[in-house]
Structures are given as C-alpha cells and as structure tokens.
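Only this structure's heavy atoms are used, side chains among them; waters, hydrogens and symmetry mates stay out. Note that this is a predicted model, so its numbers are computed, not measured.
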Amino acid sequence: MADQESDMEYSSDNDEFEDYYNSGLEDCDIEQIDPKRSDPECFVYECLNVEEVEKLLNESVERLSNQLHITPSLAKVLLHETKWNTAEVVEKYRNNASNLLVSARIKAAPSVVMASTSSAPVVPPLLVPSGSSSSTVLLPVCSAIPASVPIPGTSAKVPLQAMSPSAYRTHPCPVCVTVQSMDKFHSLSCQHSFCRDCWAMHFEIQISQGISTQIGCMEQRCDVRVPEDLVLNLLNRPMLRDKYQQFAFADYVKSHPELRFCPGPNCQIIIRSADISPKKATCKVCLTSFCFRCGTDYHAPTDCQIIRKWLTKCADDSETANYISAHTKDCPKCHICIEKNGGCNHMQCFNCKHDFCWMCLGDWKAHGSEYYECSRYKENPNIAHESVHAQAREALKKYLHYYERWENHSKSLQLEEQTLDRMKTRINEKVMKGLGTWIDWQYLFDAAALLAKCRYTLQYTYPYAYFMEAGSRKDLFEYQQAQLEAEIENLSWKVERAETTDRGDLENQMDVAEKRRTTLLKDFFPTEA
C-alpha cells in the first residue's frame, strides 16, 4: 500500500513538473527569423533535368489548351510568345483572339492574305473551330488540299467542285519551278504555297543555322510562323528532327522567365526560381555559380546593367590598361623590384623588410586608418572648367584607378587558390604524420573559402563605385568598402600564416570580415526584380 501511495505521489509530482515546463508553449510567440532579411544573398531555387522541365512546360501547355479549347501546338506557340504568361494569353485571347494570333505570327494580317503574285497555286489553309461556344475563332491549320484554283491570265478563281481532275492536276512551284501535282503543295495561313521538297529544304537550312521556333514563310515580306507540326511532318531525317526539337526546347527555356540553363560546360541542368533577381545560383551537378537574372558570373553588389557596361568598357580599354597588368612594383623604401606571389596586399620587402600596401605603396603601419583614402578615388572638383583634353585625362585616370583595383583582386583570388593548394599539401603531410586529422584542420579550409567569398564581393564593388554618382550615398559606400577591404587583407595575412596563427584569432577575423561583407550587401545590393 505504501508503495502504491509512493507511486501515486511520484506520478502526481511528475505531472506537475510537466505542466510547469509545458505551460504556455502553445501561446509562446517564437520569433521566426526570415533568412531573406538576415542573409542578403538568400536565394530559393531548384535544379531540374531536361525531362523535368519538359514535363513542367507540357503541363502549362495542357492547362492552357484545356482552358481555351485550342490545340496543344497552338497553346505552346502562344505561351512562347508571351513568356509563358498564361493569364496574359487568356486575357488577350478572350478580348481579341484575331489580334493575338496575328501578333504571335500564327495568322497573317489582313493586308498580307492575298493571292500570290507568281504563278504558284494558292492553297488556302483549312479552318477548324477552336471551341464549341458562340464566340468560336477559326484557327489556321496547314493543308495541302486547295479550295479553288486560279484561272491563268485572269484574277478569277474556279471552285474546286467545278473543276475537272485534269484542270488542277499539276502546277509549277514558285521556288524550284518544278511542275508537280497539287497534293504536293503546302501553305500556311498566309496562303503562300510551295512544294513539299522546297519546304523541306527551307527547314533544313534554317535548322542548320540554329533557327527553330522562328522559322517563317518562304515568301518575301511575309513573317507568318511555320507550325511545329508541319516542320516535323516534312523532315525526313531523324537527326534533323532531333536537332529541331533540341533547338525548340532551348527557345522555350530561354523565353521562360523562371528558367535558366546552367552555363557550365556540357551541363544539362536547368535552374528554376520564382524569384527573378540577381542572386547567385549554383548548379548541383557541375557546381557552376552564376547570376540568375542575367546568366553571367555572379556580380553582387553590382547590378546586371552596370556590370555589362563595366565589362564592355574593360574590353574597349584593355589595350590602354595593359601596362598596369604587370606583377611587379618597386619597394617604396629601397626601390628593389618585388613580385607579388600571394593574394594579400600587405607586402613585406624581402630586402629591407619594409611593410607597405601593394595598391598605394603607402606605409602599412599607418594604413589601418588610411584604407578609406586608399580605396576611394579623389575626383577633381574643378574638372568641369578644364579643357577637353584635361577632362579626357581625368576620365582615364579615374577608370584606371578602379580597373587596377578590380584586376588586382582578380589576381589575388588566383594567387590565394595557389596558397590553398599549398596548405592542403602541408596539412596532408601533418595528417600522415599523425599530427591531427582532416577534421582538426577543417577550420583552415573554412577560412580560405570565406576569404575567397569576401574578396570576390570586394572585387565587384569597384564597378559599382565607378558608375556611382558623387554624394553622401557614395561616401557611405566607399567607407564600407574600405572597412571590408581592411578586414579582408587582415584575414588574408592570417590565412597565409594559418598554421602559426591562433585558431581563435583567425575565427574571430573570419566573423568580422563576413559581417562587413553582409552589411555592405544589405545596404547596396539591388535585389528587387
């Protein structure tokens, strides 16, 4: 009995503890941190293969086809022309289907639909209803069956039913001038008719030039699109059919705003995201990273338009800037020639042991407080009153200031990759000697990876600053840029001497550098679509 009472008391106490610790959990408001707010580079996307994308596109085509009661081939063309905006297609189709078909080059404009000026037979297309409602729109379908045949020497036409078989048996093709039977001719909605062999040759030439969904009528000044069904029907060689379908698929993906081909070499992965912003997407197969919006190398904090202008200017002025691409400079103290063999800009002369900055050649001891002056460009406030030649020299001087720093950080990234390779070799030797495991030395690789990420961001701050207008916002940007650069150089110095650097000191420097980078991106990275 005593044991039972003891058990009951224990159970009661246990319930009380559970009630104490669990009370209010349902009502407790736990703050959910939005990763998009804490991480300016947060990007939600998925990597799809070709089969998955084909399924995705076909589902969109099927939905539109069922909604408007049109053929899947027509639905695919309409979606392709409107960048796969189903709502836009439905609205335009219901408001004025005829105008939509003309703008999509499916149907010829009224001024274009006329008899051929040559002696070619006019083979009008069959018209089939798009649906069963009273507002049905007649859609063009390619046909080889003529409704009427023109009378030579006149503008009149004789209905097919009134013609004898011998009257429309043969006719010359306007391209190859070969006399063929009328059932060998095919026409589009524009009523321009050509023989089967000429159509096939036209398709082969267009496909060999990489054209697929934009193949048009052979008649001059006619831009009616050739439907996919006709192309596949007239192509005899399986290789050409496969190539056409590959080109068409590529056109569909490029026109879809939520899809991007991975730019990696021979990679078939397609990235999909509803967030069409200049964020970094990384392929899960080839690990290639790129800007999702423009498809080029990732370039935060610079936006897509500015980086295109910068790269174009660099390409145009590359010969002018060749002299600054050398790897050597003279020591500002003993004037001996020094080669830069590491990514860090904190240089130490091997001859006189003088510490200086590779970029501005200033004394490194005072450089901690002068980074702002080193990274920013001091514009001439009176340049507007100078001569044209003086303004041109000032413009070149400004460009070279930013280009030199852009190019320097690009080379530093390459040199730091070599530093990482040497570090891997030394750590492997330590592991083989029993001086720790790979896990024990993992923090060094984390530091090298963070250094590369920070320096990559810093490199792309210079095009941003070059095109930025002078003002308080640019002053703030250059201040944050200088702070980031100072922390990156400190981190680079410690990474190159990582095996003799205190681990806690290194990890603290990593944290500071990453916070500087994140702060700059939060304030200046244009993420709106």
Side-chain angles (χ1 to χ4, degrees), residues 287-289 297-300 302 310-311 314 318 321-332 336-362 364 367-368 371 374-375 400-430 441-463 481-482 484-501 505-506 509-510 512-514 516-517:
L287 302 181
T288 299
S289 296
D297 291 340
Y298 184 56
H299 47 72
T302 307
W310 172 258
L311 293 176
C314 289
S318 59
N322 271 345
Y323 77 95
I324 61 174
S325 62
H327 292 277
T328 59
K329 289 185 179 182
D330 291 343
C331 171
I336 194 170
C337 185
I338 296 177
E339 179 182 9
K340 189 173 188 286
N341 59 2
C344 182
N345 287 320
H346 178 183
M347 305 298 295
Q348 186 179 67
C349 176
F350 71 94
N351 183 48
C352 65
K353 307 302 179 183
H354 175 60
D355 292 279
F356 64 95
C357 172
W358 175 262
M359 296 304 303
C360 66
L361 301 180
W364 191 264
H367 207 261
Y371 241 111
C374 177
S375 60
L400 292 177
H401 172 88
Y402 289 104
Y403 178 84
E404 181 179 15
R405 283 152 179 77
W406 154 274
E407 186 69 14
N408 174 68
H409 288 297
S410 176
K411 292 177 179 176
S412 292
L413 282 169
Q414 299 173 10
L415 293 172
E416 283 166 353
E417 287 183 3
Q418 299 174 10
T419 301
L420 178 60
D421 292 337
R422 292 193 296 268
M423 184 190 300
K424 288 180 179 179
T425 302
R426 292 197 300 268
I427 291 177
N428 186 51
E429 294 175 354
K430 291 178 180 293
W441 298 102
Q442 182 62 41
Y443 74 97
L444 297 181
F445 299 117
D446 295 339
L450 179 65
L451 173 62
K453 183 168 69 170
C454 290
R455 191 178 292 282
Y456 188 89
T457 299
L458 179 61
Q459 177 189 357
Y460 280 91
T461 62
Y462 287 100
Q481 179 190 48
L484 174 62
E485 185 160 8
E487 301 302 340
I488 287 176
E489 297 307 334
N490 289 338
L491 179 60
S492 179
W493 179 268
K494 292 176 181 178
V495 167
E496 291 181 359
R497 297 154 181 81
E499 296 168 64
T500 59
T501 301
D505 188 23
L506 178 61
Q509 185 62 43
M510 291 168 58
V512 173
E514 176 60 12
R516 294 289 189 190
R517 190 186 77 91

- [ ] Decide salt bridge (charged side-chain N to carboxylate O under 4.0 Å, His left out) for Glu429 and Arg426; before the verdict, give the C-alpha distance in whole Å, the side-chain angles of both, and the deciding distance to 0.1 Å.
- [x] CA-CA 5 Å; Glu429 294 175 354; Arg426 292 197 300 268; over 6 Å; no
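- How far CG of Leu484 is from OG1 of Thr461: 7.0 Å, rounded to the nearest 0.5 Å.
- Judged by distance alone, the side chain of Tyr456 and the main-chain N or O of Ala300 form no donor-acceptor pair under 3.5 Å.
- Rounded to the nearest 0.5 Å, atoms CG (Leu450) and CD (Gln509) are 9.5 Å apart.
- Ring geometry for His299 versus Tyr460: interplanar angle of 30 to 60°, hence tilted.
- Going from atom CG of Leu451 over to atom CH2 of Trp493 covers 14.0 Å, rounded to the nearest 0.5 Å.
- Contact record, Ala452 with Leu413: O-CD2, 3.6 Å, taken as the closest heavy-atom pair.
- Between the side chain of Ser492 and the backbone N or O of Glu489, no donor-acceptor pair lies under 3.5 Å.
- From Arg517, atom CZ reaches atom CD1 of Ile488 across 9.0 Å, with rounding to the nearest 0.5 Å.
- With rounding to the nearest 0.5 Å, the separation of CD in Glu485 from SG in Cys454 is 12.0 Å.
- Annotation: side chain of Glu416 is in contact with side chain of Arg455 (closest heavy-atom distance under 4.5 Å).
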Given the rule in the side-chain contact (heavy atoms from CB on, under 4.5 Å) test, do Lys494 and Met510 qualify, once you have shown the distances and angles that lead to the verdict?
CA-CA 10 Å; Lys494 292 176 181 178; Met510 291 168 58; over 6 Å; no
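- Between the side chains of Gln442 and Asp446, at least one donor-acceptor pair of N or O atoms lies under 3.5 Å.
- A distance below 6.0 Å separates the ring centres of His409 and Tyr462.
- Donor-acceptor pairing under 3.5 Å is lacking for the side chains of Glu496 and Thr419.
- Classified by interplanar angle (parallel below 30°, tilted 30° to 60°, perpendicular above 60°), the ring pair Tyr403/Trp310 is tilted.
- When every heavy atom of Leu506 is checked against every heavy atom of Ala447, the shortest pair comes out as CD2-CB, 4.0 Å.
- Counting only heavy atoms from C-beta outward, the side chains of His354 and Met347 never approach each other to under 4.5 Å.
- Residues Met423 and Val495 have side chains in contact (heavy-atom distance under 4.5 Å, counting atoms from C-beta outward).
- In this structure, the side chain of Ser410 does not engage the main chain of Trp406 through any donor-acceptor pair within 3.5 Å.
- Atom CZ of Arg405 sits about 10.5 Å away from atom CG of Leu400, to the nearest 0.5 Å.
- Glu417 places none of its side-chain heavy atoms less than 4.5 Å from the side chain of Leu420.
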